[in-house]
Number of protein chains: 2
Amino acid sequence: MLKEERHQFILNEVRIHNRVLLTDIADLLNVSVDTVRRDIKELHNSQQLKKVHGGAISLGFNNYNPIGKKIYSLEKKSQIAEKALGLIKEGQVILLSGGTTNLELARRLPSKIQLTCFTPSLPIAVQLLGKTNVEVIFIGGRMSKDSQIAVGGSAINMLSEIKVDICFLGTNSIHPIEGLTEFDWEIVQMKKAMIHSSRKVVSPCISEKIGSLQRYKICGVEEVDVLITELEPWDIKLDVFKNMNIQLL
Amino acid sequence: MLKEERHQFILNEVRIHNRVLLTDIADLLNVSVDTVRRDIKELHNSQQLKKVHGGAISLGFNNYNPIGKKIYSLEKKSQIAEKALGLIKEGQVILLSGGTTNLELARRLPSKIQLTCFTPSLPIAVQLLGKTNVEVIFIGGRMSKDSQIAVGGSAINMLSEIKVDICFLGTNSIHPIEGLTEFDWEIVQMKKAMIHSSRKVVSPCISEKIGSLQRYKICGVEEVDVLITELEPWDIKLDVFKNMNIQLL
DNA sequence: TTAAAAATTGCATTAAACTGCAATTAATGC
DNA sequence: GCATTAATTGCAGTTTAATGCAATTTTTAA
């Protein structure tokens, strides 16, 4: 394995987890800890991460999570976020709804890729502001204390004035017949507006939410262009999705 | 767990709760109290929190400081914020521009008082969301990475649609003849719009900024209803303010 | 004043960092 | 190709840092 590859690997790990342990990396790459130590030292000298006793942390290390809630199924959400990353191309304009999966996606956006990113979510905005080349536009409005996203008339109004390439629509429930549903009426309104403002709708959704149903309807399944779960497409049992014009990832 | 992570964790706890108990942290992190004590000592030495018997408190009881910039003149700003608090009455609608003084003010808003609060500042919004009875409305728009406030057309547009009781207009320069001035043109536009949307304009301003001048003009002194500094009114030398219809606090 | 909690100090243990060196691998010129 | 040079890597021995524990002093609050 080339040194450069190790460097990239380490940086990637740091980007994703905000931290790495020297011993973990040595294990994963099957090299001695000394080698990893030297790698980290170099990356430290070139200001790409911060070397600390026992490993390294990302430069703008900010584990600040304004929601302050525990993120469940973090592992799955991370996998989903990784897949979602693949859909984003340099120069695009994207829209991130709230939710912890999208927060994970925001964390992972590489700093160097140039993007314009709309979001009504406070924690996501905080994350994005740390990315040098991402232009952040906050969809303002009355803040819902619970979800920490902007809702209400002026937020929806602001959404009505934009058109983005991709919307990553965090999804709490997706049902093959009933479509996307949501517990909170105000958030339903927001999500409807978001769909309306997007050329392409991507739903990151952990598999256990497939088939579940909540109080209010956002839209039918046909409105979703891509459904991303942590499973491999062929593992998704519900054939109904396969018959529809929806890409599974 | 890396030392750095513990440090971040402790700082985070301090940010959220304003104070932490040493034993709580030791429990939460599963390390000895000695370790936490050493951590807190280091953070104290690097001015990131204040070590007290039994734990630590946030500096001057303040600050979510996302950019990691040092808050200058914190003590003065705290005094100003305390004075500003006295102007706010139950049920009012207020508007907080950005700036660290207003951030201090936001931190100090009592949770029990019912308020509606507009702001285009991300760190201030984060603070306010922690206050149970404060309704937060975020003025959305393109986020300035530097100041972490929303600027640009849609923010100004949103401002044009509101009318608040009091605007707390963080002020970088106030000059008896030239009025309020600012370095950043986009922020000037925001502040102009804020003044326009307010029945009463309050300028919290540390005394050393009185008399200074910057590139762009926001408004004349006559537009300001109240000027708050950390000094007692009779200590403010510039008589010019006393001849104008401006209240000194 | 006094008992309990916390801070300090010194010390032992462990893990990680550093150093120099030899072995290996990759790069270069011929 | 092939030999020479330079860079990379792993190892052993040593040094340094991190952490927890126990004994002692200080602070706090009843």
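Because only heavy atoms are used, hydrogens play no part in the values below, and waters and symmetry mates are left out as well, while side chains stay in. Just so we're clear, the structure is a prediction, and the values are computed from it rather than from any experiment. Residue numbers start from 1 in every chain, and the chains themselves are labelled A, B, ... in the order their sequence lines are given, proteins ahead of strands.
Side-chain N or O atoms of A:Lys131 include one that pairs as donor or acceptor with a backbone N or O of A:Arg107 at under 3.5 Å. With B:Glu230 contributing its side chain and B:Ser207 its backbone, the two residues share a donor-acceptor pair below 3.5 Å. Between the side chain of B:Ser32 and the main chain of B:Thr35, a donor-acceptor pair closer than 3.5 Å is present. With A:Asn133 contributing its side chain and A:Ile113 its backbone, the two residues share no donor-acceptor pair below 3.5 Å. Checking side-chain atoms of B:Thr119 against main-chain N and O of B:Leu96 turns up a donor-acceptor pair under 3.5 Å.
Rounded to an integer number of Å, the gap from NZ of B:Lys51 to P of C:dA6 is 13 Å. The interatomic distance linking A:Asp24 (CG) with C:dA16 (C1') rounds to 14 Å, in whole Å. Atom P of nucleotide C:dA15 and atom CG of B:Leu2 are separated by 15 Å, given to the nearest angstrom. Rounding to whole angstrom units, CD of residue A:Glu4 and C1' of C:dT25 are separated by 17 Å. A:Leu22 has its CG atom 17 Å from the P atom of D:dA17, to the nearest Å. Following rounding to the nearest Å, A:Asp27 (CG) and C:dA15 (P) show an atom-to-atom distance of 15 Å.
Pairing for D:dT15 goes to C:dA16, judged as Watson-Crick or G-U wobble with the two contacts each under 3.5 Å.
Annotation: A:Lys50, atom NZ; neighbour count of heavy atoms from other residues, nucleotides and ligands within 6.0 Å does not exceed 12.
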Checking B:Ile228 against B:Leu87 for the side chain to side chain contact (heavy atoms under 4.5 Å, CB included) test, could you report, in this order, the C-alpha distance in whole Å, the side-chain angles of both residues, the deciding distance, and whether it holds?
CA-CA 11 Å; B:Ile228 308 182; B:Leu87 298 174; 3.9 Å; yes

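Residues of residues 33-45 of chain B that place a heavy atom closer than 4.0 Å to DNA chain D, in numerical order, are B:Asp34, B:Thr35, B:Arg38.
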Going 5' to 3' through nucleotides 25-30 of chain D, assign each nucleotide B (protein heavy atom under 4.0 Å from a base atom), S (under 4.0 Å only from sugar-phosphate atoms) or - (no protein heavy atom that close).
--SS--

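In terms of the side-chain contact (heavy atoms from CB on, under 4.5 Å) criterion, residue partners of B:Thr116 (sequence neighbours excluded) are, by chain and number, B:Val93, B:Gln114, B:Phe118, B:Glu135, B:Ile137.
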